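See structure below.
Start at 1 and go down the list; that is how both ligands and their atoms are numbered. What's counted below: heavy atoms across the whole structure, side chains too, no hydrogens, waters or symmetry copies. Quantities reported herein were computed from a predicted structural model and do not represent experimental measurements.
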Amino acid sequence: MDRTKEQARRLADSLASRGVSFDDAVESLTKLQIEMPSWAVGDSGTRYGTFRERGSARTIWDKIDDVAEIQRVCGICGAMAMHIAWDKTDDGQYLPVKRYANERGLALGTMHPDGFTKQEYIYGSIATPIGAVREASILHYKECVRVARELGIKAIGMWVPDGTNYAGQDDLRARKHRLTDGMRALYDALDDDMQLFLEYKPFEPYFYSTDVFDWGMSLLTCTKLGPRAKVLVDLGHHLSGVNIEQIVAVLMDEDRLGAFHFNNRKYADDDLIVGSVNPFELFLILNEIVAGQAAGLSPGVTYMLDQSHNIEPSIEGILFSVMNVHAAYAKALAVDRAALAEAQGNLDVVGAHRILKDAFETDIAPLLAAAREQMGLPGADPLSAYRDGGYAQKIADERNFGGMGTLGG
Ligand code: PSV
Ligand code: MN
């Protein structure tokens with residue numbers, strides 16, 4: 001037996017002793033889907049500036065090509081999430097976009113409306129005191145729903161970027177009412193088979209208050225709207241020390257966990273490669289999902305990346321992120337659930353904690369390799385397959401964007 005097969009056999013035995021089937025775990029790994037945000041493959045930056053990347057996507061067509069390449073080597077990224085600020089087409093036509101994506105084996109994923117790119121949003125979009133801006137925001141939401149319908153998209157991912165910068169600037173309760181009324185207008189515009197994912201964020205672009213500041217505010221608003229309004233958890237949108245996995249557990253239990261924006265933070269909304277700062281936290285989040293789903297909760301959670309790749313090549317950053325989520329998910333599948341429940345029942349604090357650590361430290365490479373083989377991917381390591389495939393060179397050659405300053409070109 002060769003070394004790889006021997007490693008797989010040993011892992012299968014170890015998993016079996018935990019009540020986990022190797023084949024079932026592989027099957028689950030092939031079924032995971034992570035939507036790629038169109039905005040992660042173009043150039044992005046900070047408020048201090050944007051570094052340009054050789055070969056970065058310039059148009060919606062480039063973005064689709066890049067996601068198709070990501071899907072070629074990862075196999076679990078079959079949809080591109082859209083943002084109708086940045087993906088707006090000049091002629092308002094979106095069917096050609098859908099056709100182009102479908103021809104490359106991709107679907108179009110969650111639709112994100114705008115609320116921050118225009119001058120009129122200076123005091124906010126839907127919670128602003130200015131009635132005309134609120135009305136324009138509602139028209140924009142309705143247009144996004146119309147486009148979603150045309151493209152077969154079933155979810156709107158709503159980040160309300162509104163807030164205030166100074167105490168006393170606006171009436172906080174009045175803002176809450178404007179927010180709820182605006183979200184109701186959006187919710188009511190949805191078709192019966194569409195969902196609304198409401199994202200929260202404690203600060204930025206405003207720094208005194210934001211209108212949907214945490215998961216509680218998002219949940220409260222969703223509860224008022226109806227059962228198809230659910231909370232979107234962006235991993236970067238928490239203050240230091242917040243226990244995100246507990247938020248996930250509570251939302252699942254309430255049937256209000258809608259979607260994730262994966263990324264990692266060290267200080268604020270850093271939008272770094274997910275799993276790069278705190279892989280144990282990522283594992284614990286996925287562990288809650290696996291545990292909840294085993295209990296029949298939130299079967300249809302939508303996963304997306306929401307990252308900015310400012311110094312690393314975007315596609316490489318995205319690939320490594322997808323690999324990190326896939327690995328964390330594999331480890332979450334490797335938890336001995338019966339032993340964990342028993343340890344918890346026995347008040348065995350260290351024993352219970354150790355069961356999670358054992359799963360986290362399990363070498364799950366054979367599971368991922370088997371899943372990737374089953375999906376017919378070019379290799380067991382997506383990043384290496386990408387580097388070997390020549391796509392980076394191809395887009396660097398083809399996408400002439402007029403020079404990169406001191407880097408030449
Ligand atoms: C805001 O920080 C956010 O997380 C929202 O999801 C936006 O749509 C996205 O980032 C794009 O920057
Ligand atoms: Mn986000």
Suppose we only allow N, O or S atoms; which atom of Glu199 ends up nearest to the Mn ion (ligand 2)? OE2
Expected output: side-chain Arg104 to main-chain Tyr100 donor-acceptor under 3.5 Å: yes
Any cation-pi pair here, Arg265 with Tyr267, using under 6.0 Å and within 45°? no
Can you name the N, O or S atom of Asp234 that is closest to the Mn ion (ligand 2)? OD2
Which of the numbered atoms in ligand 1 are below 4.0 angstrom from a heavy atom of His237? 1 (C), 2 (O), 3 (C), 4 (O)
Without hydrogens or angle criteria, can the side chains of Asp170 and Thr164 be said to hold a donor-acceptor pair below 3.5 Å? no
Nearest to atom 7 (C) of ligand 1, what protein heavy atom do you find, and at what distance? Trp159 CE3, 3.7 Å
For His261, what is the atom name of its N, O or S atom nearest to the Mn ion (ligand 2)? ND1
Among protein heavy atoms, which sits nearest to atom 2 (O) of ligand 1, and what does the distance come to when rounded to 0.1 Å? Lys201 NZ, 2.8 Å
Between Asp191 and Arg149, does any side-chain N to carboxylate O distance fall below 4.0 Å? yes
Taking N or O atoms only and a 3.5 Å limit, does Trp86 qualify as a polar contact for ligand 1? no
Below 4.0 Å from any atom of ligand 1, is there a heavy atom belonging to Glu204? no
Any chance you could lay out the salt bridge (charged side-chain N to carboxylate O under 4.0 Å, His left out) test for Asp62 and Arg58, step after step, and finish with the verdict? CA-CA 6 Å; Asp62 287 353; Arg58 303 150 303 178; 2.8 Å; yes
Using modelled atom types and a 3.5 Å cut-off, is there a donor and acceptor pairing between side-chain atoms of Thr128 and backbone atoms of Ser125? no
With carbon and hydrogen excluded and only N/O/S kept, which atom of Asp306 is nearest the Mn ion (ligand 2)? OD2
If we ignore hydrogens and angles and just use 3.5 Å, is the side chain of Ser218 paired with the main-chain N or O of Leu198 as donor and acceptor? yes
Under 4.0 Å from ligand 1, counting heavy atoms only, is it the side chain of His261, its backbone, both or neither? side chain
Give the C-alpha distance, both sets of side-chain angles, the deciding distance and a yes or no for salt bridge (charged side-chain N to carboxylate O under 4.0 Å, His left out) between Arg399 and Asp66. CA-CA 12 Å; Arg399 296 177 185 170; Asp66 288 357; 2.9 Å; yes
Does Asp271 approach ligand 1 within less than 4.0 angstrom via side chain, backbone, both or neither, non-hydrogen atoms only? neither
Residue and atom name of the nearest protein heavy atom (relative to atom 10 (O) of ligand 1), distance in Å to one decimal: Asp306 OD2, 3.0 Å
Under 4.0 Å to a heavy atom of Asp269 - the qualifying atoms of ligand 1, by number: 2 (O)
Asn324 and Ser321 side chains, donor-acceptor separation under 3.5 Å: no
Classify the contact between Phe116 and ligand 1 as side chain, backbone, both or neither, using a heavy-atom distance cut-off of under 4.0 Å. neither
Please determine if Trp39 has a nitrogen or oxygen closer than 3.5 Å to a nitrogen or oxygen of ligand 1. no
Any N/O pair His83/ligand 1 closer than 3.5 Å: yes
Of the protein's non-hydrogen atoms, which lies at the shortest distance from atom 5 (C) of ligand 1, and what is that distance? Glu199 OE2, 3.4 Å
Taking all atoms of both residues into account, what is the closest heavy-atom pair of His237 and Tyr200, and its distance? ND1-O, 2.7 Å
Carboxylate-amine/guanidinium contact Lys88 Asp114, below 4.0 Å: no
